[in-house]
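Read the structure below first, then the notes.
Heavy atoms only: backbone and side chains are in, while hydrogens, waters and symmetry mates are out. Only a predicted model underlies this, so the values are computations on that prediction, with no experimental measurement involved.
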Amino acid sequence: MNFKLEAVDNHSNARAGVITTDHGEIATPVFMPVGTAGSVKAVHIKDVKVDINARIILGNTYHLYLRPGTDVLKAAGGLHKFNGWDRPILTDSGGYQVYSLTDRRKMHEQGVTFQSHIDGSRHLFSPEGVMDIQRLIGADIIMAFDECTPYPCEYEYASKSMEMTHRWLDRCVARFNETEGYYGYSQSLFPIVQGSVYRDLRIKSAEKIASVGAEGNAIGGLSVGEPVEMMYEFTELVCNILPKDKPRYLMGVGTPVNILEGISQGIDMFDCVMPTRNGRNGMIFTSQGIINLKNEKWKYDFSPLDPDGKSFVDSQYTRAYLRHLFIAGEMLGPMIASQHNLAFYLWLVDSAREKIIDGTFAEWKKTMVEKLSRRI
RNA sequence: GGGGAGAUUCCAGAGCGGUUAAAUGGGGCAGACUGUAAAUCUGUUGGCGCAGCCUUCGGAGGUUCGAAUCCUCCUCUCCCCA
């Protein structure tokens with residue numbers, strides 16, 4: 001994997017670059033649609049690729065390990081072959097499930113024992129095991145096994161957790177280095193900064209992560225319920241420590257506004273379930289603001305979903321029609337909304353990239369933030 | 001023509017003298033959702049000058065301190081038998 005910086009904004013830390021992987025190039029800043037179980041929920045691969053034009057999508061180690069299982073993925077020739085996505089894939093390590101499935105797991109130095117949410121069976125996820133699983137899944141970018149700490153989080157706990165995430169990182173790196181991919185292309189390991197909302201911990205963690213010399217670095221443990229100002233504060237703090245010549249990935253973020261803020265702080269990669277999940281639940285993000293399609297006010301609105309939208313669904317369908325689909329419980333509704341939202345997110349980061357390159361990012365961002373946070 | 005059952009807040013449907021502005025479900029309306037246990041979850045759903053008051057349970061009367069709940073008549077539905 002290779003990262004080349006192409007432009008840096010004069011008024012912020014925003015930058016534009018290109019990540020090159022064996023599955024193709026990723027222009028940054030980039031938004032990566034989440035495909036936890038090997039599918040971007042409710043959207044065809046063809047639409048993810050052609051209409052939305054996503055450059056890279058996510059998969060999830062915990063979920064793919066439980067279903068379909070590594071034996072199936074290996075037999076298929078890896079996740080790319082299995083789901084038909086031939087561009088880059090990034091897999092999360094299961095570190096987020098340590099947070100989201102907190103009452104179904106036990107954590108110890110060795111790793112985390114999850115009790116499957118599907119059948120209750122117990123499975124140990126160790127740093128070594130998680131590397132092995134991600135080798136078998138075959139993602140281009142794989143993540144170190146960490147604990148995503150909750151918010152709020154006591155200092156003592158955050159500190160101990162961070163130290164363990166660091167020890168786990170060393171084990172991940174060791175295992176990663178002594179193994180290789182199964183499918184003939186290379187994989188890169190990204191470590192993850194933790195430290196909750198404590199400046200000294202975040203600094204310490206960022207320095208540790210930077211010292212690893214990985215091909216890219218991630219910031220985790222944010223957007224877990226803390227005030228957005230905190231998220232911005234710690235993103236900035238950590239970005240200033242992480243190496244400039246490697247991509248920076250802010251995990252799990254976020255709203256369109258969050259993403260623009262992140263970009264201006266020097267983040268290159270984002271992922272979030274929001275465009276798909278909120279889309280399935282009737283919310284769409286548009287260039288004019290946020291729309292809750294289930295609201296009565298769209299009942300007779302026969303205007304296009306998003307007059308400036310780039311996806312075919314934006315001009316094909318009206319707000320009134322999409323509202324009808326949601327009210328009637330038609331599955332096409334969530335499909336259209338997911339597709340629109342992802343196309344919008346990709347348009348947003350692509351536009352940011354253009355503006356960074358032509359030097360107009362700052363003023364563009366200002367007007368966009370105003371528009372995007374509006375609820376219409 | 002004979003016999004029986006029933007009319008409840010948007011709908012279905014509980015309630016069978018006070019704790020009932022009325023269970024529950026549906027529908028409606030609104031909110032939440034940030035490395036996905038989510039096509040999920042939550043709130044609300046008579047009115048008002050809203051820690052209180054007013055009007056509601058087919059209609060009209062009556063019994064009672066007190067009725068959606070008991071009695072009388074009326075109106076209308078549905079079922080069975082001829």
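In this structure, A:L90 reaches neither bases nor backbone, as no heavy-atom distance under 4.0 Å exists between it and the strands shown. Here A:S116 lies out of heavy-atom contact (under 4.0 Å) with every strand. Heavy atoms of A:M143 sit nowhere under 4.0 angstrom from any nucleic acid atom. Residue contacts shown for A:N295 are limited to sugar-phosphate atoms, with no base heavy atom under 4.0 Å away. No engagement by A:G333 is indicated, since no non-hydrogen atom pair under 4.0 Å with the nucleic acid exists.
In this entry the distance linking CD of A:E226 with C1' of B:U34 reads 9 Å, nearest Å. One can place CD1 of A:I290 at 16 Å from C1' of B:A30, the figure rounded to the nearest angstrom. Atom OH of A:Y99 is separated from atom P of B:C33 by 12 Å (rounded to the nearest Å). Rounding to whole angstrom units, CH2 of residue A:W298 and C1' of B:C29 are separated by 16 Å. Atom CD of A:E296 is separated from atom P of B:G31 by 12 Å (rounded to the nearest Å). Remark: P of B:G35 and CD1 of A:I267 are 15 Å apart, rounded to the nearest angstrom. One interatomic measurement links the two molecules: CG of A:L348 to P of B:U34, which rounds to 19 Å at whole-angstrom precision. One can place CE of A:M274 at 10 Å from C1' of B:A32, the figure rounded to the nearest angstrom.
Using N1 to N3 plus N6-O4 or O6-N4 for Watson-Crick, or N1-O2 and O6-N3 for G-U wobble, each under 3.5 Å, B:G61 pairs with B:C71. B:U40 is paired with B:A32 under the criterion used here, namely a Watson-Crick or G-U wobble arrangement in which both key atom distances are under 3.5 Å. Under the Watson-Crick or G-U wobble criterion, with both distances below 3.5 Å, B:G46 is paired with B:C54. As the counterpart of B:C16, no nucleotide is assigned, since no Watson-Crick or G-U wobble pattern has both distances under 3.5 Å. For B:G6, the paired nucleotide is B:C76, the pair qualifying as Watson-Crick or G-U wobble because both relevant distances are below 3.5 Å.
Between A:N292 and B:G31 there is a side-chain polar atom (N or O) within less than 4.0 angstrom of OP1 or OP2. Considering only side-chain N and O atoms, A:N278 lies nowhere under 4.0 angstrom from the phosphate OP1 or OP2 of B:U36.
In the region residues 190-203 of chain A, proximity to RNA chain B at under 4.0 angstrom, judged on heavy atoms, holds for A:I192, A:Q194.
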List, one per line, each side-chain donor-acceptor pair under 3.5 Å for residues 211-222 of chain A, sequence neighbours excluded.
| residue | atom | partner | partner atom | Å |
| --- | --- | --- | --- | --- |
| A:S211 | OG | A:K208 | O | 2.5 |
| A:E215 | OE1 | A:S188 | OG | 2.8 |
| A:E215 | OE2 | A:M1 | N | 3.4 |

Under 3.5 Å, sequence neighbours excluded: what are the donor-acceptor pairs made by side chains of residues 227-234 of chain A?
| residue | atom | partner | partner atom | Å |
| --- | --- | --- | --- | --- |
| A:Y232 | OH | A:N258 | ND2 | 3.0 |
| A:E233 | OE2 | A:R199 | NH1 | 2.7 |

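Along RNA chain B, the nucleotide nearest A:R323 and the nucleotide nearest A:Y249 are compared for position; the residue whose nucleotide lies closer to the 5' end is A:R323.
Side-chain proximity of A:R375 to the nucleotides B:A32, B:C33, B:U34 is greatest for B:A32.
Applying the ring-ring contact (aromatic ring centres under 6.0 Å, His included) test to residues at least two apart or on different chains, the pairs with a partner in residues 26-55 of chain A are A:F31-A:Y345.
When each of A:D245, A:D9, A:D268 is checked for a salt bridge (charged side-chain N to carboxylate O under 4.0 Å, His left out) with A:R15, only A:D268 meets the rule. Screening A:Y183, A:Y185, A:W85 for a ring pair (Phe, Tyr, Trp, His ring centres under 6.0 Å) involving A:H80 leaves a single residue, A:Y185.
Spacing between B:C79 and B:C74 at atom C1', rounded to whole Å, works out to 22 Å.
Salt bridge status for A:E128 with A:R171: present, with a side-chain N to carboxylate O gap under 4.0 Å.
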Pairwise N/O distances under 3.5 Å, protein to nucleotides 37-41 of chain B:
| residue | atom | partner | partner atom | Å |
| --- | --- | --- | --- | --- |
| B:A37 | OP2 | A:S100 | OG | 2.4 |
| B:A37 | O5' | A:H63 | NE2 | 3.0 |
| B:A37 | N6 | A:R104 | NH1 | 3.1 |
| B:A38 | O2' | A:R280 | NH2 | 3.2 |
| B:A38 | N7 | A:R277 | NH1 | 3.3 |
| B:A38 | N7 | A:R277 | NH2 | 2.6 |
| B:A38 | N6 | A:R277 | NH1 | 3.4 |
| B:A39 | OP2 | A:R280 | NE | 2.9 |
| B:A39 | OP2 | A:R280 | NH2 | 3.3 |
| B:U40 | N3 | A:N281 | OD1 | 3.4 |
| B:U40 | O4 | A:N281 | OD1 | 3.2 |

Scan nucleotides 44-46 of chain B against the protein and return all N/O pairs shorter than 3.5 Å with their distances rounded to 0.1 Å.
none

